[in-house]
Amino acid sequence: MPLISHWGGPRHGEVDEVPAEQLETSVLVYDGPRWFGVYERFEPRQLQETSRGPAEVWVVRE
C-alpha cells in the first residue's frame with residue numbers, strides 16, 4: 001500500500017498507508033470519524049523520506 005505524507009491541515013506531518021485505488025484521482029478526501037479534510041497531490045510529484053519509508057507528498061486543499 002502506498003505511503004502518503006500530509007502537508008498542512010488536520011493531518012500535517014502524519015504518514016499513512018492509503019489504498020492505491022484512492023490515489024487514482026488527484027484529490028484525497030477524508031470524511032471522518034476523527035477529522036475532515038481534502039488533500040491534493042503535490043505537483044510536481046515529490047517523495048519524502050520518512051521513518052516508514054518513502055512517502056508521496058499531498059498538500060491540504062484550501
Side-chain angles (χ1 to χ4, degrees):
M1 223 182 283
L3 288 175
I4 297 299
S5 176
H6 300 84
W7 185 264
R11 305 240 24 197
H12 180 77
E14 293 184 20
V15 176
D16 290 305
E17 290 183 348
V18 177
E21 61 270 6
Q22 288 185 347
L23 304 179
E24 291 174 358
T25 67
S26 61
V27 178
L28 183 58
V29 178
Y30 295 101
D31 58 0
R34 265 183 29 206
W35 42 262
F36 298 88
V38 178
Y39 286 81
E40 60 190 353
R41 185 174 266 132
F42 185 83
E43 293 293 341
R45 288 187 180 185
Q46 195 172 34
L47 288 179
Q48 177 180 32
E49 206 47 57
T50 72
S51 61
R52 296 172 63 186
E56 186 176 357
V57 177
W58 285 61
V59 295
V60 71
R61 187 176 199 177
E62 309 256 357

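Chaining together hydrophobic side chains whose heavy atoms lie under 4.5 Å apart places L3 alongside V15.
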Problem set entry | Step-by-step side-chain contact (heavy atoms from CB on, under 4.5 Å) determination, E56 to Q46 | CA-CA 6 Å; E56 186 176 357; Q46 195 172 34; over 6 Å; no
Exercise. Would E40 and V60 count as a side-chain contact (heavy atoms from CB on, under 4.5 Å) if you check the C-alpha gap in whole Å, the side-chain angles of each, and the deciding distance to 0.1 Å?
Worked result: CA-CA 6 Å; E40 60 190 353; V60 71; over 6 Å; no
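Between atom CZ of residue F42 and atom CD1 of residue I4 there is a gap of 13.5 Å, rounded to the nearest 0.5 Å.
Contact annotation: the side chain of P19 approaches that of M1 to within less than 4.5 Å [non-hydrogen atoms, C-beta and beyond].
When the side-chain hydrogen bond (donor to acceptor under 3.5 Å, both in side chains) test is applied to Q48, the partners found at least two apart in sequence or on another chain are S5.
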All N/O donor-acceptor pairs, side-chain side in residues 22-29, below 3.5 Å, sequence neighbours left out:
residue: T25; atom: OG1; partner: V27; partner atom: N; Å: 3.4
residue: T25; atom: OG1; partner: V27; partner atom: O; Å: 3.0

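The aromatic ring centroids of W58 and H6 lie 6.0 Å or more from each other.
Between the Y39 side chain and the G8 main chain, a donor and an acceptor come within less than 3.5 Å of each other.
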